[in-house]
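In what follows, a single structure is set out as structure tokens and then discussed.
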Amino acid sequence: MNPMQPTTQMPAATEERRKISRAARRRVHARELRVRRTQAALRAQLPAA
């Protein structure tokens, strides 16, 4: 499964608030952390203007 492809709708976009499993929440959080780390690493490689 490609993490960049949104396969499921995010709960905020759906009308009814349904309970997200704890495992799903952890996966989303882990992905956000991974994205932030890679973005920070890319910014660190840019020459300081």
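Since this is a predicted model, take the numbers as computed values, not measurements.
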*Kindly compute the distance separating NZ (Lys19) from CZ (Arg25), expressed to the nearest 0.5 Å.*
5.5 Å
*With the side chain counted from C-beta on, respond yes when Leu42 and Gln45 share a heavy-atom pair under 4.5 Å apart, and no when they do not.*
yes
*Does a side-chain heavy-atom distance below 4.5 Å link Leu33 with Arg36?*
yes
